[in-house]
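Here is the structure we will look at.
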Amino acid sequence: MNDHSQYVLKRPAPESIPHPFKIEYEKELNAAQLAAVTALEGPVLVIAGAGSGKTRTLVYRVARYIESGLPAQNLLLLTFTRKAAQEMLSRAGLLLGTVCDRVAGGTFHSFSNTILRRYGSAIRIDPSFTILDRPDGEDVIQHLRNARGLGEREKRFPRKSTLSDIFSASVNKAIPLEEVVLTDYPHFSIHLEEIMDLEKAYNDYKRQRSLLDYDDLLVQLQELLEDHRETREHLSEIYRAIMVDEYQDTNKIQARVARLLCATHENIMVVGDDAQSIYSFRGAHFKNIMDFPKEFPNARIFKLEENYRSTQPILNLTNEIINRATEKYTKHLFTRQKQGNPPVLVQAENENWQSRFVCQRVLELREEGVPLQDMAVLFRSSHHSFDLEIELVKHGLPFIKRGGFKFIETTHVKDVLAHLRVLQNPRDAVSWNRLLLLIEGVGPKKSQNIITAILKETDWVKVLKSQSETLAGGSVLHELVRMFEDLLASPAIPAEQLSRIYSYYTPLLPQRFDDYPKRIRDLEHLYAITERYLKLDEFLSDIALEPPNEAVSDVEPTVKETEKLILSTIHSAKGLEWHSVFIVWALDGKFPSMYSFDNPEEMEEERRLMYVAATRAKKGLYIIYPVNIFDKVLGSVLSHPTRFLDGIPRSLYNSWSIVE
DNA sequence: AACAAGTTGTTTTTT
DNA sequence: ACAACTTGTT
């Protein structure tokens, strides 16, 4: 098992047990599942409808492999999202116990991190490279942008976040940068040359300083496997059977990586659902799954069409939603649970009424015995839950929010991490810049001077010290120097180092933020996380690849995980299921988002998103939309429910209007 | 050069 | 509503 999944799953150390389990595959699996589970050799494609026991199939297949004598450490399970990886590995753990602790797995990115640190030197990658998350990458881009004076143009030059989007789209969609700009950002085509230069500068900068962003992790892994036969064959020998989950969400690079990993044996199974492809914005395309048989002409294909999750009334509606897609999908789901309540379409007078309806219904359901954690509120974009969050707090309902802004990306957390990073790597100019700008009297220019000096000298504490003497009343810089002296004086575990940084940093908070008490709580949370680590570099890698799931929120920390209502973006809800599901903001213009109105492909993806959201529900499905919402951008009032219900027979769902 | 105040622009979704 | 960018003041 790789380092990252150990962080995800804290379980006892593996013992050397062969197989104490007795699994009756024929009883516990249906015919299609059984066929997929027992097809251990050669390429296999599984088309798995929503709720059709996909994870179950993967887990039983792992069991089957181990039974057949293949050691767990020779199995590799890959997925795109962290949540799917966790789900898969923990369910395998439940069935098989500690044996499968040795199964390797995780996201493509975390797998790449492990492999590149171990084998990356073959393509001149420093094993102690630093991972840049998105804001880090943007900081570098901004730095290079300013250094080239690209900000001061008569014609507006794209901002850092746009540049980052452009670069990333080019990599993930495997489209030349030029084409991305010309088709998706035609208004910036006058800057095409500068943009291309900047990308080159960005790549050189990262290369020179051993920095890898998320895209580099994939690209470099592909390069390693592509160019280094030895490593490729070595890994292919280690991982004798490969399984890829959520295959419809992989992009070309990931598909290529999977292909190369099984180069010597072709024991690969991919599982996916073309109707649930919702990551095209980062290069995934559901056609990838259709191309699998082209890549592996001898692939066997299995379809899982029996749904074990939802009642027939819910499936009737979700089938209608997906059948109206312009692309025809490959299957039709059915279930044996014929009875159930029909889904409900709820009209609310405004956003707050929508929130109050959800609260009220959640309370009623809890009265009926449905546990809070078995209900979820799903939404298109993360800010759609703001009003609801306030309302939930008012009602004293505990919740946990998934997706959207991660607390790891908030300013104060990034500030603190910058201090840890320069400890790990004093040549990290971006982190230096961030932490120096916090100091009163230090602006861009002074910061740059100090960094230049630091990069020249080996003894960077000395540099800081001499700088602190030149700065009038530079008491904060003095404090910084003393802090670093303390930190370097004796070796310490990350938590201790963090605690010393806090004693320096937290006094700076009140003058920077109005809401500093809340931010201090976030920092306490961060401290709790560092306590799990003994080594700084492990902590810093993990924090970039496996950041805590919870977004920033005011949740009472005392309430147990098991008693919380789930709020989640639909993207983060993939692969999960709940007794009752509330889809809020199902308002045409919000969901589907008006930005997709003029793009048929995006509109189709919005439809699949709605499909994913609705198929999360086991027993109860509520689709809610507020009316009379004025939209500034459109300049009009939105009041129609999502268009994905248009034309669907009214008999398939109930319509409610909220009355006081 | 740094900082403060005022202006403009832009909205997903994840690693 | 908020963040990035610009302009003006010390």
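Just so it is clear, the values below take in all heavy atoms, side chains as well, and ignore hydrogens, waters and symmetry mates. Naming convention: chains lettered A, B, ... in sequence-line order (proteins, then strands); numbering from 1 in each chain.
Proximity of A/Ser110 to the phosphate of B/dT15: no side-chain N or O atom is located under 4.0 Å from OP1 or OP2. Contact between the side-chain N/O atoms of A/Gln254 and the OP1/OP2 oxygens of B/dT15 is not found at any separation under 4.0 Å. OP1 or OP2 of B/dT13 has at least one side-chain nitrogen or oxygen of A/Ser382 nearer than 4.0 Å. In this structure, A/Ser593 does not reach the B/dT13 phosphate: none of its side-chain N or O atoms is under 4.0 Å from OP1 or OP2.
A/Glu246 comes within 4.0 angstrom of nothing in the nucleic acid, heavy atoms only. Among the heavy atoms of the strands lying under 4.0 Å from A/Arg159 are primed sugar atoms or P, OP1, OP2 only; no base atom is included. In this structure, A/Tyr279 reaches the sugar-phosphate backbone alone: every heavy-atom distance under 4.0 Å involves primed, P, OP1 or OP2 atoms, never a base.
In this structure, A/Asp133 atom CG and B/dT14 atom P are separated by 14 Å, rounded to whole Å. Atom CG in A/Leu221 sits about 14 Å away from atom C1' in B/dT15, given to the nearest Å. Between the NZ atom of A/Lys173 and the P atom of B/dT14 there is a distance of 16 Å, rounded to whole Å. Whole-Å rounding puts the A/Asp165 CG to B/dT14 C1' distance at 12 Å. One atom, CG of A/Asn146, and another, P of B/dA1, lie 14 Å apart when rounded to the nearest Å. Residue A/Gln448 contributes atom CD, which lies 16 Å from atom C1' of B/dA2 at whole-angstrom precision. Regarding A/Leu132, its CG atom lies at a distance of 20 Å from the P atom of B/dT14, rounded to whole Å. Rounded to a whole Å, the NZ atom of A/Lys445 is 5 Å from the P atom of B/dA1.
Consecutive Watson-Crick or G-U pairs involving DNA chain B, each under 3.5 Å on both distances, make up stems of three or more pairs at B:1-10 with C:1-10.
Proximity note for A/Arg282 (side chain, C-beta onward) versus B/dT13, B/dT15, B/dA2: the nearest is B/dT15. Comparing B/dT13, B/dT11, C/dC5 by their nearest atom to the side chain of A/Tyr595 picks out B/dT11. Comparing C/dA4, B/dT13, B/dA2 by their closest approach to the side chain of A/His571 singles out B/dT13. Nearest nucleotide to the side chain of A/Thr569, out of C/dC5, B/dT13, B/dT15: B/dT13. Nearest nucleotide to the side chain of A/Ser572, out of B/dT14, B/dT15, B/dC3: B/dT14.
Scored by the side-chain contact (heavy atoms from CB on, under 4.5 Å) test, A/Ala325 finds A/Tyr329, A/Glu604, A/Arg607 as partners (sequence neighbours excluded). In this structure, the side-chain contact (heavy atoms from CB on, under 4.5 Å) partners of A/Val171, at least two apart in sequence or on a different chain, are A/Asp215, A/Val219, A/Ile253. The salt bridge (charged side-chain N to carboxylate O under 4.0 Å, His left out) check on A/Arg117 picks up nothing, with sequence neighbours excluded. Among residues two or more places apart in sequence or in another chain, the salt bridge (charged side-chain N to carboxylate O under 4.0 Å, His left out) test is passed with A/Glu223 by none. Not counting sequence neighbours, A/Asp387 has no partner by the salt bridge (charged side-chain N to carboxylate O under 4.0 Å, His left out) test.
A/Tyr214 does not qualify as a stacking partner of the B/dT14 base, lacking a centre-to-centre distance under 5.5 Å together with planes within 30°.
Mapping A/Ser161 and A/Asn449 onto DNA chain B by nearest heavy atom places A/Asn449 at the nucleotide closer to the 5' end.
Ring-centre distance between A/Phe597 and A/Tyr595: not below the 6.0 Å cut-off.
For the residue pair A/Asn288 / A/Gln248, no side-chain donor-acceptor distance below 3.5 Å is found, with atom types taken as modelled.
Annotation: side chain of A/Ile529 is in contact with side chain of A/Phe539 (closest heavy-atom distance under 4.5 Å).
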